[in-house]
Structures are given as C-alpha cells and as structure tokens.
Novice: 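Encoded as structure tokens, here's the structure I'll be asking about.
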Amino acid sequence: MKKKLTSILTAGAIAISAPLALAACAPRSSVLKIYNWGDYIEESLIGEFESWYEEQTGEKVTVKYDTFDTCETALMRVETQKADYDLVCPSDYIAERMISSGLALKLDKSIFDPGADGLLYDGLADIVGVFDDGNEYFVPYVWGTFGIMYDVNRIDAGDTRMESWSALWSDEWLVSSGKRRTLMKDSVRDAYSVARIYENRDRLSELSDGFTDYNSVYQAEIGSYFSSVSDESIESAKNTLIAQKKVVCKYEVDDGKNDLLAGTTDAWLGLFWSCDAGLIMIEDGGDHFYYTVPKEGSNVWVDGWLIPKYAKNTKAANYFLKFINTHEYAAINFDWMGSSMALKSVMDEAKEAIEEDEQFEDGYYDGYKQMYIDMMFPPPEVINRCGVMRDFGVKRGTDLDSMWIDVKTT
Amino acid sequence: MKKEVKTALLWAFVGVALFVMYVPILILIIYSFTDAKALGVWSGFSFELYANLFTDSEIMSALGNSMILAAASATLATALGTTAAVGIFYMRKWKKSTAHFIANITMENAEIVTGVAFMIFFLVVNIHYGWAALIIAHTMIITPYVILSVTPRLSQINPNLYEAGLDLGASPFRSLFTVVVPQLVPGMVSGFIMAFTLSLDDFIVSKFINGGVQTIPIYLYNALAKRGADPTLRALSSVLFVAVLTVLIVLNVVGARKRKKVVKV
C-alpha cells in the first residue's frame, strides 16, 4: 500500500538520479568530449590518449566519445543545441560554415600548430587555407579525392577514356553490353561539382593548355565551380545530370563499393571517393579495380578537427590534436583507416614502404602499384587540378537540394 | 474448396510469410560467423567478429547504456502504466475517452514528430540532453504500450474482488495493491518486456536528445553512415536477435506452463 507506493517512487527516483549523479562526479576539466564520424578513429587510441595526456601534463582525463552520421547533424548539435563538445570533426564545407558563423574557437598554437612547416601533406595547408586563412581553426585529419573507379576485368587498366569525366556520361558500355554500367553518388554536392566540371571541360582545356599546365587561372576557374552557385549554373547542371541518367545503373553512397567487391552489381565503373576505393582494394577480391582522378580536374575533400564554441576543455582538446598528429600514433591510425591522412611524415613513410615493396603488385594487374600510390598519395599535378568544396550558404543549399530531387524524379 | 486444401494453402501462406520475414536475419546470423568484410562473401568459419564485438569498448558501453536505459524506463513505464490502466478502467464515459486519448498520444504520433517535440521541450525546460532526457522521453513513449498490455487483464479479473477487499476492512490502497495488482502481474510482465524491447529499439527519438549517451541503435546508425558496414555489426545484430528471441521463448513457455497449472475459479 503506502509502503509499496513509496518504494516504487523511490526506485524510480533512484533510477533517474543515479546516472546523473555518476555523470556529475567528474569535474568537467578532466573530461574531454569528442564528436567524430562513426568508425573514424582507431579504437585503442582513445585509451592511449588518456595515458599520453597524463604523461604530458600530469593531469588525468577521461574521454567521452560520441559519434554522428552526417556533418549536418553535427552542425545542428553545436549550433542549435549548443552542445559542449570539445572537439568536432566536420567536413570542409561545414567547417567553413562553422568558422564563418563564429562557432569555432581558435587553436592554441603553443600546444599544436597545424600550419607548421612540413607538418601537413604538401599542398594540404594551402587547400584548407582557402576557408581557414592562416590555419587558425581547422586541423586536417582524413582527406582524399574523388574520381572514377572501374573494374579492370571489363575495362583495361589505364584506359585513357577513363581519364576524362566523359566516361561517366558515355553510353559506350550501355550500347556494347545492353545494360547500364555506371554508378553515381547520391550526393548533391558531388554530383553538382562533377557535372559542372564536365560541362566546362572545353573551357578548362583552353585555360590549362590541354590539361598540361594547371596554372593559377585554371585553378581560379575550377575553384569557382565549387564556390559559386547561380540559377543558371544550377539549371545547366540539372540538365547535364538528367542527360546522364540513361547510363546510370544506380545512385548510391555506401553500397556501391560493397556491391562491386561482392560482385552483386552489373556496374563496371562509377564515381567514387578515394577512401572508399582504398577500402575495397585491400579486401579479398578487391584486386581488380582502378582509380583515377580525371584530367579535367576534381575535388579534394578534407575532414578535420575544430574546437567548437561551447567547448569547456580546450586545453585537453589542443593536446588531443597534438596527440593525433604525433607520428607514432598517427601511423597506427593510418594503418587502421586505410585512407589518406594529413600528417606528412606518416604519408611519406607509408609511400616509401610501398615503393620499396617489390611484391606489392604480385597477383594484381600491371600498373596496380603506381595507381595505388597515386591514389593514396596524390602527386602535385593531381592536387593542382582539384578544388575544395565550399559552403554555399543555407539558401543555395536548399536550391541545390531541390535541383537534385528534380534530377532523381525526372 | 476441400478443407485439407484450404488448410494446406493457409500453412503455405504462413510459411512464405515467415520465410520472407526471417531469412534476411538468418543470413545475417550465418554470415556473422565469417570475417569477410562484405555481406555475402564467405571466407572461412571464424569467431573473429564476436571476439571483436566483446573487446570493442565503444560497442560494449553502448550496449550497457541501452540496457540501463531500457531497464530504467521500462520499470517507470510499468509503474505508471499499471496505475494509469487501473485508473482509466474505473473511469466513466468522457473522462475515459479523454484519458485514453492523452495516454495514446506518443504512440499514435509519428516518431519524428515526437522526437522534435521532445528536443524543443527539453531545450525550453532546460533539461540537459543525456540520461535524464532519455529516460523521461523513453518512459513517455513506452507507457501507452504498458497500458495496452494491462487493460485486457483488468477486464478479465473479477471486478467484485476489489470491493470485497474494502468490505473486509482494507483501505482502498491496500485493497488495490494486495488484491488487484497481483492479478495483473502477467499483464505487467508482458508490458514490461514490450516496454523494454521498445526502449532498446528506439532510434528516432533518441537521436534527437541523446546528447552524448550512445545507445545501440544510434551507434549502429553512425557506424554505418560514413564508412559503410563494419562486419562486427553483423555479430552485434545476431547477439541482439538471439537474446530477444530467447527471452520471448522463455516467457511463452513459462506462461504456458503456468496457465496449465491455474484452476479456473
């Protein structure tokens, strides 16, 4: 009766307050809240950091690790919910939005300076300098390019037709085999950018003297495709993308690479990010793919760390940035991630190891080794022909989304 | 149509329905015993995924969080739901339908509407996203299901027993808790199990208000988002499926045995 009622109420009260009490135990300055993509750091490094931090500063820290699925969710959490994460890992265009709307804090360069000479991979500091002048806010973490990946059992490795974006619009394989063989990303930013580059390939060819000299005029032009949006450009990109539909077998984001690996798709080629291409090439059965960045130009994407405005433990945050860019730990992360990373020393070491590995190409097609090196460690001529995604702002973002819906439903 | 043919067709239909529902899960379970990255590729029998599962601290903590959250909110929901069910049962006419309506609001709304509503609510009332928000929201979402479980039991029990208790000198509270509630226990238990499962399952509402506390559905969704299916998730799904299945089987077997024992008064 009364006893039972009170006991039920007490039990309920305890159930609510216990976790709260536990959470309130540790002072905020000994907690580091990290907000990263899912599956985007080597597990053990989190525990490693806690011991490393104690060695470096004599203080204890506990890491609270939370994940997000898209950087739009991360932006919403920081902007609207004013979440007090100490570190967040957005993509380039969201990082730009956060920096320009004052949602990011400046790094403490006395602890870690990403702009230090020779720290980041060649060209990377300049690429992110486009939206983060002086490398004050953003620390590149994982990066890559996008390009065309194709099955060498169907299309010869190194085929020059694949060096151009026209391959994604070409109906050659549709005509010769009767089936659609092209995969395309269900991502408006990537589709829009590729469409614009493809549409303007003649102009780009003129500016770069037939794609031999990626000079600054060329770079300004290609940069503009990633940063400028107008009603005309959206309309013409829409028409280009609709024209592409007749060869597209599927719009995908994740399953394309898995389907190609498992052999459960008709597709022979597609638009892919270098990190995805890298992931399947190291798997069993992934030995028959070729990745190339077309000569007309492409995109360098960078995911990196920012300290958001409402962070409460910036000291530990800066130390974490130093930790994750310390060669020893970055190398562990690189091995696990399988994707190009920002730290030059780790990249150089890995590149050398592959170059010296005489047997790297055994069991693979001719040219695999060079292709792999160019994919993971893009040479300057590739980086020079790439632009970085920019923040289009809220209104233009919505226009693009409507355009994409129109494309997919036509 | 002959009776045998009808029965055969019916069983065939049931068979096909069960097949379509469960074969994907069975495939997932079978492929959790190989460590190939892509689903559908068999690269030799191995327990590696399970080993990874139990040593992955992020998954284990998400599992722990999910369990604690489900236990806490299911307990609260059972308490609230049972008392609500009893109260609603004894109401009349318009009070009863109003109470029903309010009780079912979270059940009938689309989850995304509920999720956004909670997010704004907690922001306004200044409750931090995290455990408190999660437990409150989960309790509110799953209580209607407990009410739904307990109400049928109420109509099955003898309504005079409560008054008999009062006649024998018990206070209303005592009569309620000593006479009525024990008879509701089967409904409460099945309500608790359903509430527990729903809380474990809940993704959409949790995603808006979890504020750093990872639960299994949220962890799964985020892990799949950027880099595609991590094979360890196959092991995780298999474990969850088998666990829930076991609980349901045990519940039904025990329930059936009890029903055999009970002698109708």
Novice: At a heavy-atom distance under 4.5 Å, which candidate from B:N210, B:T55, B:L134 has the highest pair count against chain A?
Specialist: B:N210

Novice: I need the B:M119 CE to A:R77 CZ distance, nearest 0.5 Å.
Specialist: 9.5 Å

Novice: For a 4.5 angstrom cut-off between non-hydrogen side-chain atoms, does B:H128 reach A:Q81?
Specialist: no

Novice: Give a yes or no answer on whether the side chain of A:D66 reaches the backbone of B:G212 with a donor-acceptor pair at less than 3.5 Å.
Specialist: yes

Novice: Write down the atom of A:T80, the atom of B:L123, and the distance for their closest heavy-atom approach.
Specialist: O-CD2, 4.4 Å

Novice: Does B:M194 CE have over 12 foreign heavy atoms under 6.0 Å away?
Specialist: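 Open: at most 12 neighbouring heavy atoms sit under 6.0 Å from CE of B:M194.
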
Novice: Which atoms of B:Y129 are under 4.5 Å from chain A, going by heavy atoms: the side chain, the backbone, both sets, or neither?
Specialist: side chain

Novice: If I take atom CG from residue A:D69 and atom NZ from residue B:K207, how far apart are they, to the nearest 0.5 angstrom?
Specialist: 3.5 Å

Novice: What is the distance from atom OG1 of A:T73 to atom CG of B:N222, rounded to the nearest 0.5 Å?
Specialist: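 If we round to the nearest 0.5 Å, A:T73:OG1 and B:N222:CG are 7.5 Å apart.
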
Novice: What's the spacing between A:Y65 OH and B:Y219 OH if we round to 0.5 Å?
Specialist: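 That separation rounds to 9.5 Å.
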
Novice: Can you say whether A:Y85 sits under 4.5 Å from chain B via the side chain, the backbone, both, or neither, judging by heavy atoms?
Specialist: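 Interface part for A:Y85: side chain.
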
Novice: For the atom pair CG (A:D39) and CG (B:L233), what is the distance rounded to the nearest 0.5 Å?
Specialist: 7.5 Å

Novice: Looking at B:I112, I'd like to know if its CD1 atom is crowded, meaning that more than 12 non-hydrogen atoms belonging to other residues, nucleotides or ligands lie closer than 6.0 Å.
Specialist: no

Novice: Near B:F121 CZ, under 6.0 Å, is it more than 12 heavy atoms from other residues, nucleotides or ligands?
Specialist: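 No, because the 6.0 Å sphere around CZ of B:F121 holds 12 heavy atoms or fewer from other groups.
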
Novice: Under 4.5 Å heavy-atom distance to chain B, tell me which part of A:D303 shows up: side chain, backbone, both or neither.
Specialist: side chain

